[in-house]
A.B. asks: 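For reference, the structure I am asking about is given below.
Note: hydrogens, waters and symmetry copies are ignored here, and every other heavy atom, side chains too, is used. In listed order, ligands and their atoms are each counted from 1.
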Amino acid sequence: MKDWQLGFSSSRAQNNQTGVSSIFDENFPPSGFMKDLDSSPERMDTLSGKKSNGSDGESMRDAIEESIFDFSPSSITQSNHIKKTGFRARPKLASAQAVLSSKLEDPTEMQTNACEEPEDRKPEPLKRVCMDPLPIAAGETTKDEDVEEQKVKEGVMAGENLVEEGSKVALNAATRKSLWRRKIEPRERLGASVESIDESKEGDFSNKRLHRKKSWGSRQRNTQMLGSLQDGEQYMGGSVEKDGEEELVPHPVLSRVLFHSSASSSSSFNNSSAESDEVFSENEDTATRRQNMKKCRSWRTFLTMMQWSKRPQTSWIQLAGHQGNVRLSEGGEVLKRFCEVEAVCLQVLMSDALCQFVPHYFGHISQDGEQYIRLEDLLSGLKNPVIMDCKMGVRTYQEEEISKARSNAIVRSDMYQKMVKVDPAAPTVEEHAQRGVTKLRYLQWRDDSSSTSSLGFRIEGIVMGNGKVLRDFYKTRTEAQVTETLLTFTRSQVHILEAYESRLQALNKALKESNFFNRHEIIGSSLLFVHDCSSKANIWMIDFGKTIPTPKDVQLRHDVPWVEGNREDGYLIGLTSLITLLGEAIKQAGEQS
Ligand SMILES: O=P(O)(O)O[C@H]1[C@H](O)[C@@H](OP(=O)(O)O)[C@H](OP(=O)(O)O)[C@@H](OP(=O)(O)O)[C@H]1O
Ligand SMILES: Nc1ncnc2c1ncn2[C@@H]1O[C@H](COP(=O)(O)OP(=O)(O)O)[C@@H](O)[C@H]1O
C-alpha cells in the first residue's frame, strides 16, 4: 500500500474511532452554534506539496508519492518545515484494487460512517474509476512505461467525445469496458503478485494444488473457483472440502476478485452474457449452469457494490463563476471553457514557483466543436468536500473595462436585476429609469458592497459538507462578518483553520519568489479552500481569465491601493487580510473550545 493510501485509511480509521461529528449544518448563519461543536482533534493527513513542472510524467508521480504531512493539531505547531514548505494534498483516486484490499483489511469500514455521503448526493457509479490518478500532460510522455497511461488518457478522450457536451450520459458500454480493462492493469499486477507468493511457498501442499490449478487454463480455473463457491459459509471459512480433499482458498474474497477481476469490474458496465459464459464449462447441464450463473451474478453484484461504496468519492460542484463554464469530465478532469488568456497563464504557471498552488494543467481539448482547458480536479479524493471560493484583489475589473465603459457604455439589464435583488436602493435614479447598469458600475458596486475594496478579497461562495451551497455573501464586508464566516466554514476546527493559515503563509512566500506574480496583474482570480471530514485541507489558486501580463515599464507591488492607471491589483492586501482574519478565527475558535 502506498503512503497516501495508508494516510488516507489511517485518518479514516481514526475518524471512526473518535467518532468525529458530522459536519452537516443546516442553519446558516449559525448564531451560537459553534459553542456546540464537537471539535475533536482529527488527524490531518495531506500530501507533500512539491509538484512536477509538468514536463516529466515520472517526476509528477514522484511528487505525488511523497511523504505525508501530518496536520494533527500537535504536529502543526511542532513541524516548522511544514510552515516553510507549505503542503499540497494532491488529489488522489484510489485504484479499485486498493479499494478492495482496504475493504478486506478494514471490516469496520462497513459500519456507518459519520462522513458517509447522503444517498441523494452519490455520483453515478464508476464514472470516476476509469481515470488514472496520475496525470500525464498531453504530448509529453516519452518513457515506455508511460505510453500505456498516455494511451489510456487518449482513450478517455476518445470516450469523452462520445458523450454529448454537458450531458451526463454514460459512455458507450464497449468503450467503457475497454477503458476499464486498460485501467485495470494495477489490479492485474496485484493478481500476479499473489500468485507468485503462492508459488514461492512450494512446501505447502495446498499451495501446490493452487499452483497446479493455475496451470489448467483460465476456463477450468474459473470453473473450479465457482465450484468452491457453492456454499457461502464454506467459502467464507477459507477452505472447502471437495472430493475428500481440502482445498485452500488463499483469500476467499481476494482470490475471487483476482480471478474474476475483469469480469466483476466490467459487470458494472456490461453484464454481457459473453462474459458470464466464460466462467462455465461446456459440460454443465442447463440447471447447474443457471444456478451457477445466478450465484456468479449475485457475487458480482456484491463486488460491484463493494467497489462502488469504496470508490473514490467525488462530490464535484462548480461553486462560483459562470454556471456551466466548468464541469467534471468522465475521465475525472475538470474541463473549463477555453480562454486563451487563462490557458497562457496556466502554461506559464506550470513551471513557476506558484505551480504547487495551481491545479495541474493538462493542455486543452476540443470536444463537440468546443475548446476546453483541462485541469486537475481539486476535489478528487475528498469526501463531502467543504469548499470556499475567495475572489482575490481590491478590484474585480480590468482597467480596460473603464475605458470601454467610457467609450461605449452598454447598459445591462441583467446586472441591474442582480443589483436590485441584493439592494433595491443601490441603483441611481437614472439607472432605475433605464432599468440597467453598465458592467463597470455593477462590478464596482459589487466590490464596494462586499469586502473586495476594503479587505482585498471577498467570499464568493461556500459549499458545506452536506452539499448545502451558500452564495449570499454580497454584503459580507466587515472583518467581523468575514471572521464569523470563516468559523462557520471550518466549523471552528482549529487545526483546519491553522492548516489554512499555514498554507496561505506558504503561498505568500511563493508569491515573492514567483516570476509570474512579478509580471502579472491578477484580476478576478480566486483562492479555492477545500477540506473534508477526514481533515484533508488545501488552498488553490484558480481562474486566470482576467490575469494579464503587465506592460514592460510597469512594476506591480500588489500590496498598495489601486488608483486608476497604476494597475495594482491588491492581491497581497487580500492575502494579508485573509491571514490576519484566519488568525482571529483561530483565536476565537480556541476561546470557544
Ligand atoms: O459574480 P456576479 O455578481 O454574478 O458577477 C459576475 C462576475 O463578476 C463575473 O466575474 P468572474 O468570472 O470573475 O466571476 C463576471 O464575468 P467576467 O469574467 O466576464 O468579468 C460577470 O460578468 P459577465 O460575464 O459579463 O456577466 C459578472 O456578471
Ligand atoms: N480545478 C478545479 N477543481 C475543482 N473545482 C474547480 C476547479 N476549477 C474551478 N472549479 C470550480 O468551478 C468554480 C468556478 O471556477 P472559475 O475558474 O472561477 O470559473 P469562472 O471563470 O467561470 O469564474 C470554482 O468556484 C470551483 O468551484
Side-chain angles (χ1 to χ4, degrees), residues 89-91 128 135 314-329 332-339 341-343 345-346 349 357-362 372-382 385-393 395-402 404-405 410-423 426 436-450 452 457-463 467 469-476 522-530 532 538-548 569:
R90 173 158 283 285
R128 298 287 319 279
T314 183
S315 316
W316 198 87
I317 182 167
Q318 179 186 342
L319 176 52
H322 299 86
Q323 287 306 308
N325 214 22
V326 191
R327 68 178 170 90
L328 190 65
S329 78
E333 289 175 355
V334 166
L335 299 184
K336 180 171 176 182
R337 212 171 286 271
F338 185 81
C339 158
V341 171
E342 181 158 34
C345 286
L346 286 163
L349 280 163
F357 294 89
V358 180
H360 194 84
Y361 169 58
F362 302 114
Y372 295 93
I373 283 168
R374 297 166 52 207
L375 292 170
E376 171 187 359
D377 172 17
L378 302 173
L379 305 184
S380 171
L382 295 177
V386 187
I387 315 164
M388 177 170 75
D389 184 309
C390 283
K391 190 169 281 197
M392 300 300 290
R395 64 186 161 102
T396 59
Y397 49 90
Q398 294 171 325
E399 290 200 353
E400 284 68 38
E401 288 283 347
I402 303 171
K404 256 197 238 167
I410 295 171
V411 173
R412 302 247 317 238
S413 63
D414 60 328
M415 289 185 157
Y416 169 79
Q417 298 296 346
K418 287 199 279 187
M419 194 185 225
V420 170
K421 208 171 160 191
V422 176
D423 181 0
V437 295
T438 64
K439 180 169 178 176
L440 178 65
R441 158 82 169 120
Y442 174 77
L443 296 181
Q444 282 177 335
W445 166 77
R446 285 280 278 129
D447 293 353
D448 293 343
S449 24
S450 68
T452 290
F457 77 93
R458 73 166 171 251
I459 296 169
E460 284 280 284
I462 288 178
V463 182
V469 181
L470 311 166
R471 288 205 178 93
D472 189 6
F473 297 104
Y474 296 92
K475 290 183 164 180
T476 302
I522 303 183
I523 302 296
S525 176
S526 287
L527 287 179
L528 197 69
F529 290 61
V530 294
D532 74 0
N538 218 329
I539 302 176
W540 307 90
M541 294 174 79
I542 59 164
D543 195 357
F544 301 96
K546 291 200 273 191
T547 294
I548 46 172
D569 53 24

A.B. asks: Are Lys391 and Asp543 ion-paired here, with the side-chain N under 4.0 Å from a carboxylate O?
C.D. replies: no
A.B. asks: Tell me which protein heavy atom sits closest to atom 3 (O) of ligand 1, plus the residue, atom name and distance to 0.1 Å.
C.D. replies: Tyr442 OH, 2.5 Å
A.B. asks: Does the side chain of Asn538 reach to within under 4.5 Å of the side chain of Leu378, using non-hydrogen atoms?
C.D. replies: no
A.B. asks: When only distance counts, is Leu319 in polar contact with ligand 2, meaning an N/O pair under 3.5 Å?
C.D. replies: yes
A.B. asks: Specify side chain, backbone, both or neither for Asn325, according to which of its non-hydrogen atoms lie closer than 4.0 Å to ligand 2.
C.D. replies: side chain
A.B. asks: Of Arg471, Lys418, Met419, which has the heavy atom at the shortest distance from atom 4 (O) of ligand 1?
C.D. replies: Lys418
A.B. asks: Could you tell me if any non-hydrogen atom of Trp316 lies under 4.0 Å from any atom of ligand 2?
C.D. replies: yes
A.B. asks: Would you say Met415 and Lys439 make side-chain contact, with heavy atoms under 4.5 Å?
C.D. replies: yes
A.B. asks: Does the pair Glu460/Arg446 count as a salt bridge with the N-to-O cut at 4.0 Å?
C.D. replies: yes
A.B. asks: A side-chain contact here means heavy atoms from C-beta on lying under 4.5 Å apart; do Trp445 and Val437 qualify?
C.D. replies: no
A.B. asks: Do you see a donor-acceptor pair shorter than 3.5 Å between the side chains of Asp447 and Thr396?
C.D. replies: yes
A.B. asks: So which protein heavy atom does atom 7 (C) of ligand 2 come closest to, and at what separation?
C.D. replies: Val334 CG1, 4.0 Å
A.B. asks: For atom 8 (O) of ligand 1, find the nearest protein heavy atom and state the residue, atom name and distance (0.1 Å precision).
C.D. replies: Leu443 CD2, 3.2 Å
A.B. asks: For Lys336, which part has a heavy atom under 4.0 Å from ligand 2: side chain, backbone, both, or neither?
C.D. replies: side chain
A.B. asks: Any idea which part of Leu378 is under 4.0 Å from ligand 2, heavy-atom wise: side chain, backbone, both or neither?
C.D. replies: both
A.B. asks: So which heavy atom in the protein is nearest atom 20 (O) of ligand 1, and how far is it from that ligand atom?
C.D. replies: Lys546 NZ, 2.7 Å
A.B. asks: In the protein, what heavy atom is nearest to atom 1 (O) of ligand 1, and what distance, to one decimal place, separates them?
C.D. replies: Arg446 NH2, 3.6 Å
A.B. asks: Does ligand 2 have any atom that is closer than 4.0 Å to a heavy atom of Val530?
C.D. replies: no
A.B. asks: Just to check, does Tyr397 reach to within less than 4.0 Å of ligand 1 when the distance is taken from its heavy atoms?
C.D. replies: no
A.B. asks: Answer side chain, backbone, both or neither: which part of Ile317 comes under 4.0 Å from ligand 2, heavy atoms only.
C.D. replies: backbone
A.B. asks: Is the shortest side-chain heavy-atom distance between Ser526 and Leu528 below 4.5 Å?
C.D. replies: no
A.B. asks: Starting from atom 27 (C) of ligand 1, what is the nearest protein heavy atom, named by residue and atom, and what distance separates them?
C.D. replies: Met415 CE, 3.7 Å
A.B. asks: Is there a side-chain contact between Val341 and Lys546 in this structure, where contact means two heavy atoms from C-beta onward sitting under 4.5 Å apart?
C.D. replies: no
A.B. asks: Would you check whether Thr396 reaches within less than 4.0 Å of ligand 1, judged by its heavy atoms?
C.D. replies: no
A.B. asks: Among Ala320, Pro359, Pro385, Gly321, which one has a heavy atom closest to atom 13 (C) of ligand 2?
C.D. replies: Ala320
A.B. asks: Looking only at distances, can you tell me whether any N or O atom of Asp543, backbone or side chain, sits closer than 3.5 Å to an N or O atom of ligand 2?
C.D. replies: yes
A.B. asks: May I ask you to identify the nearest protein heavy atom to atom 15 (O) of ligand 2, giving residue, atom name and distance to one decimal place in Å?
C.D. replies: Val326 CG2, 3.8 Å
A.B. asks: Return the NZ to CZ distance between Lys418 and Arg412, rounded to the nearest 0.5 Å.
C.D. replies: 7.0 Å
A.B. asks: For atom 10 (O) of ligand 1, which protein heavy atom lies nearest, and how many Å away is it?
C.D. replies: Lys391 NZ, 3.4 Å
A.B. asks: To which of Arg412, Gln398, His322 does the heavy atom nearest atom 26 (O) of ligand 1 belong?
C.D. replies: Arg412
A.B. asks: What atoms of ligand 2 come within less than 4.0 Å of a heavy atom belonging to Asp377?
C.D. replies: 3 (N), 4 (C)
A.B. asks: Would you check if Val334 and Trp316 make a side-chain contact, meaning some heavy-atom pair closer than 4.5 Å?
C.D. replies: yes
A.B. asks: Considering only non-hydrogen protein atoms, determine which one is nearest to atom 12 (O) of ligand 2 and report residue, atom name and distance to 0.1 Å.
C.D. replies: Gln318 CG, 3.4 Å
A.B. asks: Looking only at N/O atoms, are Lys439 and ligand 1 under 3.5 Å apart anywhere?
C.D. replies: yes
A.B. asks: Answer with side chain, backbone, both or neither: which part of Asp389 has a heavy atom less than 4.0 angstrom from an atom of ligand 2?
C.D. replies: side chain
A.B. asks: What is the closest protein heavy atom to atom 1 (N) of ligand 2, and at what distance does it sit?
C.D. replies: Glu376 O, 2.8 Å
